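This is a predicted model, so every value here is computed, not measured. The chains referred to below are lettered A, B, ... by the order of the sequence lines, with proteins before strands, and numbering in each begins at 1. Because only heavy atoms are used, hydrogens play no part in the values below, and waters and symmetry mates are left out as well, while side chains stay in.
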There are 2 protein chains.
Amino acid sequence: MKWIKDLRFKDGLIPVVLQDYKNNEVLMVAYMNKVSLKKTVETKKCHYYSRSRKKLWLKGETSGHIQKVKGIFVDCDQDCLLIKVEQFGGACHMGYRSCFYRKLTPKKNLKTIGKKVFDPEKVY
Amino acid sequence: MKWIKDLRFKDGLIPVVLQDYKNNEVLMVAYMNKVSLKKTVETKKCHYYSRSRKKLWLKGETSGHIQKVKGIFVDCDQDCLLIKVEQFGGACHMGYRSCFYRKLTPKKNLKTIGKKVFDPEKVY
């Protein structure tokens with residue numbers, strides 16, 4: 001696939017922004033290598049490369065919280081992707097819908113503003 | 001600032017997703033080092049670290065297309081930020097509102113779906 005060849009991977013990886021296709025909420029940022037990107041395109045389910053576990057990873061493999069691909073977008077520099085998805089359950093392993101569940105307050109503290117959509121202890 | 005100390009920078013940098021605070025459009029992804037993040041918090045205007053030019057960079061310095069900070073969010077792993085901004089002009093140096101102006105078609109070609117909001121040749 002030519003468009004994948006044209007992408008600029010760094011150390012074999014490209015960052016991907018995941019966005020809810022309905023309300024445009026940013027859910028998470030993860031990394032794909034070429035293999036996981038091809039798998040994502042073929043299966044229409046998001047696959048990533050885990051930098052800590054050093055392996056291919058189907059999002060939702062354990063939790064069932066898969067991400068169905070609704071649209072793939074490429075940025076100007078071809079070194080970042082945006083994927084709009086239908087998110088089942090929550091994107092965050094901490095139990096939240098979005099990984100960005102904490103907001104900086106005017107007093108420069110982090111405040112949890114996200115709501116838990118599942119209990120991680122029951123899921124993982 | 002404790003919350004900045006707790007962030008996990010990689011090679012001194014942290015990726016940042018920029019999102020339109022009104023319609024939640026993802027505008028771009030860029031990188032900040034500690035200095036540019038502190039500048040961003042202090043001035044409420046997004047500053048980045050340019051990996052190619054190896055220097056601090058105020059977004060909109062040349063183009064006038066600044067980004068006013070409306071909210072800063074931290075992810076679960078503390079290795080990525082989401083900043084909601086008021087974007088003046090366009091975020092993309094190619095003249096588009098968003099850097100993600102190309103979409104993958106069912107035939108696996110990239111199609112430009114974004115609209116130009118300025119002429120880069122007149123701005124840069």
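With chain B as the partner, the residue from A/Asp6, A/Ile72, A/Val29 showing the most heavy-atom pairs under 4.5 Å is A/Ile72. Ranked by heavy-atom pairs under 4.5 Å with chain A, the first of B/Met1, B/Gln78, B/Lys2 is B/Gln78. Across B/Lys108, B/Met28, B/Met94, the residue that shares the most heavy-atom pairs under 4.5 angstrom with chain A is B/Lys108.
Residue B/Lys84: no heavy atom, backbone or side chain, is found under 4.5 Å from chain A. Proximity to chain A (any heavy atom under 4.5 Å) is restricted, for B/Asn23, to the backbone atoms N, CA, C and O. With a threshold of 4.5 angstrom between heavy atoms, B/Val74 approaches chain A through its backbone and through its side chain. Of the atoms belonging to A/Cys80, heavy atoms from both backbone and side chain fall under 4.5 Å from chain B. For B/Val17, the part lying near chain A is the side chain, with the backbone staying farther off; criterion is any non-hydrogen pair under 4.5 Å. At a 4.5 Å heavy-atom cutoff, the contact between B/Leu110 and chain A is made by side-chain atoms alone. With a 4.5 Å cut-off on non-hydrogen atoms, B/Ile4 does not touch chain A at all.
Here B/Trp3 pairs with nothing under the ring-ring contact (aromatic ring centres under 6.0 Å, His included) rule; sequence neighbours left out.
At most 12 non-hydrogen atoms from other residues, nucleotides or ligands lie less than 6.0 angstrom from NZ of B/Lys115. Annotation for A/Lys22: atom NZ does not count as buried by contact number, only 12 or fewer foreign heavy atoms lying within 6.0 Å.
With hydrophobic clusters built from ILVMFWY side chains whose heavy atoms lie under 4.5 angstrom apart, A/Val26 shares a cluster with A/Ile113. There is a path of hydrophobic side-chain contacts, each under 4.5 Å, that joins A/Ile14 to B/Leu104. A/Leu18 and B/Val16 fall into different hydrophobic clusters, where Ile, Leu, Val, Met, Phe, Trp and Tyr side chains are chained together by heavy-atom contacts under 4.5 Å. Residues B/Met32 and B/Leu13 are members of separate hydrophobic clusters, defined by side-chain heavy-atom contacts under 4.5 angstrom among Ile, Leu, Val, Met, Phe, Trp and Tyr.
For the residue pair B/His93 and A/Cys76, the shortest heavy atom distance occurs at CE1-SG, 3.7 Å. When every heavy atom of B/Leu81 is checked against every heavy atom of A/Phe100, the shortest pair comes out as C-CE2, 3.7 Å.
Scanning residues 33-68 of chain A against chain B with a 4.5 Å heavy-atom cutoff picks out A/Val41, A/Arg51, ordered by number.
Between the CG atom of B/Leu82 and the CZ atom of A/Arg102 there is a distance of 12.5 Å, given to the nearest 0.5 Å.
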